[in-house]
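A short write-up of the structure that comes next.
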Amino acid sequence: MSAYLWWGDAGVCCTETMDIRVLSQVILNTLMLGGVYVLLAIGLSIIYSIMRVIQFAHGHMYMLGAFAVFFLFGQWGLNYFLTLIITMVMVGLFGVIVERLLFRRVRGLDLPSMIIGIGLLLLLEGAALLAFGAHWRYVPAVVSGVFNFGGVYVPKDRLLILSASVALVVLLLLFIERTKLGQAMRAVAQNRDAALLQGIDVNRISALGFAIGSGLAAVAGGLLLPIAWVDPFVGGPIVIKCFLVLVLGGLGSIPGVLVGGFVFAFIESFGFTYIGYEASVIVFVMVMVVLLIKPQGLLGHV
Amino acid sequence: MTNRKNLWLGMIVVVVLLALLVGCAAPEATPTPGPKVLKLAFIGAQTTWSAPWGHATTYPGVLYIEKINAEGGLLVNGERYKIEAIIEDDRADPTTARSCAEKVIYRDKVKFITATFDTLIATYFELARDNKVIQIYGATTTKLFDSRNPYGFSVMPQPVDLAPGFYDAILKEHPEAKSALSIAGRGETGESLSAASEAAAKAHGLKWLGTEFYDFGTMDYMPIITRVLAKEPDIIDIGYGVAALMTLPRQLGYKGVLCSSGTHDVAMRLRDTSPEVAEGFYQADGTHYPPTPAMEEFMKEYEALTGEWFGYAVPYWYGIRLILQGIQNAGTVDDTESIRDAIEQIEIQSDILPGAPVIGWGGAKTYGQAHQFLVPHCVNVIRDGKPITIDIVYPEVP
């Protein structure tokens, strides 16, 4: 199959790139990238749905997780998977402290929570810079090699990330659907006052939500580190992407995060491959169009 | 009773406020005489993602200043000056960079600025020029150091001057290469790098397959690399790109030449990836491998200060020496016109390169003034897990 794509002066996609191998590669790229975005954004969605706070420092939980893996796995040689578990617990506990000391008092208040989030972001950046320095940090590959399916390459490290992301999301969904604590979280997300009247300890649930959200972001940092890098400033672009996924899918909607994450990944993957750099504009245009037509997001509720 | 109590409280508050105001307005104590001070400003990111480049701009100067001060200060026309380094963090933000420049020029009364990143310098170079401030830049935008800015000097070789020699060295080892392509971060630096790479590739008869740009916030480079590899280039120039741009092509089966014509650090490339991934990677670099004794000493001092060597620091090794030697030769710390004229005459014997070549200025015809310091750069390649220098490019700029 061949085709000719043209996008004004921005770039020409020549006949070769509609080759079925490239198309297959792009589809696989979409799946792999989508898994990452879902993992990153789902934690933020949980925090927002339970506490109604805008956690601007969510990307910096990712950063903390990545640095934890850098030191535990990259420098001290601990088992990678054990490192991920330790990281999730450590940053989860940090999330509990942050919720208790900072965000609890601004629950439900957009502007104060935004300001606190930004302040926390700057604090974490500065502290990480002092502690770890400014240089990009890398770790060796956890698994190396690729699967080659007739010219379509699936790097094993990305397959690991996709598998881990899917597993974590499934576990989270099972937790939310099948456990008492998960049901309590859903109740608080739906109606805080009614949940209180039912005897649910809202403060405890908020802390749990923050712990899970922060822990998931940290695990995402640890999962991505072998294919990316970490520095004190990596959290900023991450949180922007998380918010775009959330806004696209619907704030506070976990199915929305799943849809939003893969739609976002699709636009990026296809756009950057077939159009080039200018595809980054399409992403934002798409978000704006969705918001104009459906302000609550694709699967969000009014 | 309440009114009287309030009255007393109000009077106490007023008295305290007045006392504070008087205290603030009190004349300064007469300063005790001390050594004369020469201030040099370094404007570069000390925080944010571009801190490594900001450190590379600043710390060669800081190290050299410490040495001079330890010897009693800079001797200028029979007087000793203690040198004070004023370090401003521009956070890689244009507005902040402008504020930093205004502060050092208007408040600190500094006459010498060293800085990097064209996008940031562009916000204040005219201010510096109009105030006759000597500026040392790692610049690739010519208006910062051509005849439009008589006080601006560049110590960074221009990509357009380095790229031809860089491609020469690569094609000697890979004569089979027929096409090239570049991947660059969107911005002035990425655009000038890719333009220089394109010009050099075409001049060597290679088919140019285009430039793929990316945002600096990109998390996943798979889509870009997929697009790049679909074009089947023989040479991919990744410019200042991250390690993923080295790793991913190899993971996806790419067997061609990977290189970077943008000044970077080949040892860092090796550290950031692995010997297997980095094998055969070509890098334009200020550092010669193996390093000379003077270079080793500089690398160790820099590492002790910042934690990690970064080859981008090499041009600024020359930069600080140009400023201080220019001041000494002119015999003044204030008359920047004379200092500028003195700097234009300086040649430096570079003992950080083998053979200690003498480096001077170029660009009189190209830029309307010879303010481009012709810092040589090495073409380094990673072989068997180690960087080695296969060639040195001496830029020639008429």
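The sequence lines fix the lettering, A, B, ..., with proteins before strands; numbering per chain opens at 1.
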Task: Atom of B/Ala244, atom of A/Ile227 and distance for their closest heavy-atom approach - done: CB-O, 4.0 Å
Open item on the list: Check this for me: A/Phe266, atom CZ, are more than 12 non-hydrogen atoms of other residues, nucleotides or ligands nearer than 6.0 Å?
Closed with: no
Task: Flag if over 12 foreign heavy atoms under 6.0 Å of CD, B/Glu303 - done: yes
Name the region of [X], side chain, backbone, both or neither, that has any atom closer than 4.5 Å to a heavy atom of chain A.
X        : answer
B/Arg250 : neither
B/Ile225 : neither
B/Tyr214 : backbone
B/Ser274 : neither
B/Glu212 : side chain
B/Gln46  : backbone

What is the distance from atom [atom1] of [X] to atom [atom2] of [Y], rounded to the nearest 0.5 Å?
X        : Y        : atom1 : atom2 : result
A/Gln25  : B/Leu252 : CD    : CG    : 5.5 Å
A/Arg158 : B/Gln251 : CZ    : CD    : 6.5 Å
A/Tyr138 : B/Asp272 : OH    : CG    : 4.5 Å

Given that the side chain runs from C-beta out, which part of [X] has a heavy atom under 4.5 Å from chain B: side chain, backbone, both or neither?
X        : result
A/Phe147 : neither
A/Asp157 : side chain
A/Leu40  : side chain
A/Ile240 : neither
A/Leu129 : side chain
A/Val36  : side chain
A/Phe233 : side chain

Task: Test item: B/Val242 and A/Trp136 side chains (from C-beta on) under 4.5 Å apart, heavy atoms - done: yes
Open item on the list: What I'd like to find out is whether the side chain of B/Met222 reaches to under 4.5 Å of the side chain of A/Pro155, using heavy atoms alone.
Closed with: yes
Open item on the list: Quick check for you: among A/Asp231, A/Leu224, A/Val146, which has the greatest number of heavy-atom pairs under 4.5 Å with chain B?
Closed with: A/Val146
Open item on the list: I need the residue from B/Ala45, B/Ala243, B/Ser50, B/Gly253 with the largest number of non-hydrogen atom pairs under 4.5 Å to chain A.
Closed with: B/Ala243
Open item on the list: Check whether A/Thr273 reaches the backbone of B/Arg227 with its side chain - one donor and one acceptor, N or O, closer than 3.5 Å.
Closed with: no
